Amino acid sequence: MKIQSIPTTESELMQRAKSIAGYSLHDIAQSIDLPMPPDLKKQKGWVGQLIELYLGANAGSKAEQDFAHLGIELKTIPINRSGLPLETTFVSVAPLLSNHGITWQSSHVKYKLSKVLWIPVEGDRTIALAERRVGLPILWQPSPQQEQQLKQDWQELMDMIVLGQIEKITARHGEFLQIRPKAANGKALTQAYNESGELIMTRPRGFYLKKQFTSQILQHYITNLQIR
DNA sequence: GGCTGATCATGA
DNA sequence: TCATGATCAGCC
């Protein structure tokens, strides 16, 4: 696999992102000598990793944004033939334990979503993985209204966690932001508090953006696949 | 286990 | 048909 240099500026990153619009995953993978899996059943994050490698994201960075020096988080998003999202978008792990004093302003959710480079990728399962094409990049920052939408859901969900109601939270809570399990499998367990304030073991959870929210973003920036 | 990257697959 | 809950892989 060829290692890409880290983009120094935002415009350099955008130029690189625009340069792959219209190309297939096969083309992009070949250009950096990355082996292609037959499908995503065994490597669900492969598309994200491919784009990350191509754009020169800080590989292995942890709680930081992908391009921390630019203040930008990278997200690939699978879209259907109409350009609408096929999946929800993972944002960050939900803090179940040491969450005293966390506010929206200091939350990981707000930090990760402060500036996002969205890369739409054809995700229709009837299209072979190698033939799926990448769309034009979207550099997005939440509008005051969007931030308010996220903040409201985040507050409601965090309130439930702090009250020990983690087991009562389902993916149906929250209008734009939801909490769902996020783990290697059903055996993965982590600590949380129940309503009596006792420690319990529960499945790790993550914050996800619902499709309705990411649809707004894609529609606003009028994403279309660029045909070559 | 817990973080990164996400999509799969089944029940409603 | 589609969203929820479950799951996959790699790193530390």
Side-chain angles (χ1 to χ4, degrees), chain A residues 1 3-4 17 25 28-29 32 34-68 72-82 84-99 107-109 111-113 116-130 132 134 153 157 161 166-192 199-215:
Chain A
M1 178 225 328
I3 305 298
Q4 309 296 299
L25 298 182
I28 299 167
I32 59 170
L34 186 72
M36 279 222 53
D39 53 52
L40 297 175
K41 290 182 183 176
K42 289 290 184 184
Q43 295 183 53
K44 298 179 180 180
W46 185 83
V47 175
Q49 287 163 352
L50 168 67
I51 302 303
E52 204 173 64
L53 286 169
Y54 187 91
L55 297 181
N58 303 331
S61 66
K62 291 207 165 178
E64 291 209 319
Q65 291 158 324
D66 296 290
F67 300 95
I72 295 174
E73 171 75 9
L74 176 67
K75 290 282 179 201
T76 59
I77 183 164
I79 56 171
N80 65 19
R81 294 176 189 282
S82 304
L84 297 173
L86 281 166
E87 297 285 350
T88 56
T89 302
F90 174 72
V91 179
S92 61
V93 168
L96 303 185
L97 227 42
S98 302
N99 46 29
S107 69
H108 287 310
V109 173
Y111 170 71
K112 289 271 182 138
L113 298 181
V116 179
L117 178 59
W118 298 95
I119 309 287
V121 179
E122 286 181 322
D124 190 322
R125 292 188 206 178
T126 63
I127 306 173
L129 182 62
R132 295 181 195 174
V134 170
D153 283 344
L157 293 164
I161 291 176
I166 184 64
E167 299 291 16
K168 283 200 170 76
I169 298 178
T170 75
R172 283 162 281 270
H173 285 90
E175 195 175 346
F176 302 99
L177 191 68
Q178 64 182 179
I179 282 184
R180 306 215 310 277
K182 162 71 170 169
N185 54 58
K187 292 171 188 166
L189 293 173
T190 190
Q191 290 182 318
L199 277 177
I200 58 167
M201 297 305 287
T202 189
R203 281 133 52 235
R205 310 296 212 284
F207 283 107
Y208 294 79
L209 295 176
K210 289 191 172 183
K211 288 191 204 175
Q212 189 189 333
F213 188 83
T214 48
S215 289

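For clarity, every value in this text was computed on a predicted model and none was experimentally measured. So you know, we letter chains A, B, ... as the sequences are listed, proteins then strands, and number each from 1.
Place A:Lys187 and A:Glu87 on DNA chain C by their nearest nucleotides, and A:Glu87 ends up nearer the 5' end. Nearer the 5' end of DNA chain B, as judged by each residue's closest nucleotide, is the contact made by A:Ala94, out of A:Arg180 and A:Ala94.
Look at A:Thr89 and you won't find any side-chain N or O under 4.0 angstrom from OP1 or OP2 of B:dA6. In this structure, A:Lys112 reaches the B:dT4 phosphate: one of its side-chain N or O atoms is under 4.0 Å from OP1 or OP2. In terms of phosphate contacts, A:Arg172 brings a side-chain nitrogen or oxygen within less than 4.0 Å of OP1 or OP2 of C:dG5. Here A:Gln178 reaches the OP1 or OP2 of C:dT4: one of its side-chain N or O atoms lies under 4.0 Å away.
The CG atom of A:Leu53 sits 11 Å away from the C1' atom of B:dG5 (whole-angstrom rounding). Distance CD1 (A:Ile51) to P (B:dT7): 11 Å, rounded to an integer number of Å. Atom CG in A:Asn185 sits roughly 6 Å away from atom P in C:dT7 (whole-Å rounding). Counting to the nearest Å, the C1' atom of B:dA9 and the CG atom of A:Leu86 are 15 Å from each other. Look at CZ on A:Arg125: it is 4 Å from P on B:dC8, rounded to the nearest Å. Nucleotide C:dT1 holds its C1' atom 13 Å from the CG atom of A:Asn80, rounded to whole Å. Rounded to an integer number of Å, the gap from A:Trp46 CH2 to C:dT7 C1' is 20 Å. At whole-Å resolution of the value, CG in A:Leu50 and C1' in B:dT4 are 16 Å apart.
Residue contacts for A:Ala184: at a heavy-atom cut-off of 4.0 Å it reaches a base atom on one of the strands shown. When heavy atoms are screened at a 4.0 angstrom cut-off, A:Leu189 is found touching the sugar-phosphate backbone but no base atom. Within the 4.0 angstrom heavy-atom criterion, only backbone atoms of the sugar-phosphate kind lie near A:Glu73; the bases stay farther away. Nucleic acid contact class of A:Gly48 (heavy atoms, under 4.0 Å, all strands): sugar-phosphate only.
In this structure, the side chains of A:Leu177 and A:Leu209 come closer than 4.5 Å at one or more pairs of heavy atoms. Under the 4.5 Å side-chain criterion, counting only non-hydrogen atoms from C-beta, A:Thr202 is in contact with A:Glu167.
Under 3.5 Å, the side chain of A:Lys41 and the base of B:dT7 form no donor-acceptor pair of N or O atoms. Evaluation of atom-type donor-acceptor distances gives a pair under 3.5 Å for the side chain of A:Lys182 against the base of B:dG5.
Each side-chain hydrogen bond (donor to acceptor under 3.5 Å, both in side chains) pair with one or both residues in residues 37-48 of chain A, not counting sequence neighbours, would appear here, but there are none.
Recorded end-axis angle for the helix from B:dG1-C:dC12 to B:dA12-C:dT1 stands at 30°, based on five pairs per end and rounded to 10 degrees.
The two residues A:Ile179 and A:Ala94 have their closest heavy-atom pair at CD1-CB, 4.2 Å. Closest approach of A:Thr76 to A:Val47, counting heavy atoms only: CG2-O, 4.2 Å. For the residue pair A:Ala29 and A:Leu50, the shortest heavy atom distance occurs at CA-CD1, 3.7 Å. Across all their heavy atoms, A:Gln212 and A:Phe176 have their closest contact at NE2-CE2, 3.5 Å. The heavy-atom pair separating A:Leu86 from A:Gly123 by the smallest distance is CD1-C, 3.4 Å. Minimum interatomic distance between A:Glu122 and A:Arg132 (heavy atoms only, all atoms of both residues): O-CD, 3.0 Å.
Of the residues in residues 202-213 of chain A, those with a non-hydrogen atom less than 4.0 angstrom from any atom of DNA chain B are A:Tyr208.
Candidate nucleotides C:dT4, C:dC8, B:dG5 were compared by shortest atom distance to the side chain of A:Lys42, and C:dC8 ranks first. Of the candidate nucleotides C:dG5, B:dT7, B:dG1, B:dG1 has the atom lying nearest to any side-chain atom of A:Ala188.
For the pair A:Lys75 (side chain) and A:Phe90 (backbone), a donor-acceptor distance under 3.5 Å is present. Between the side chain of A:Asp153 and the backbone N or O of A:Glu175 there is at least one donor-acceptor pair closer than 3.5 Å.
The side chain to side chain donor-acceptor pair (under 3.5 Å) test applied to A:Arg180 returns A:Thr88, A:Gln178, not counting sequence neighbours. The side chain to side chain donor-acceptor pair (under 3.5 Å) check on A:Lys168 picks up A:Glu195, with sequence neighbours excluded.
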Which atom pairs link the protein and nucleotides 10-12 of chain B when you take only N or O atoms and keep those under 3.5 Å?
none

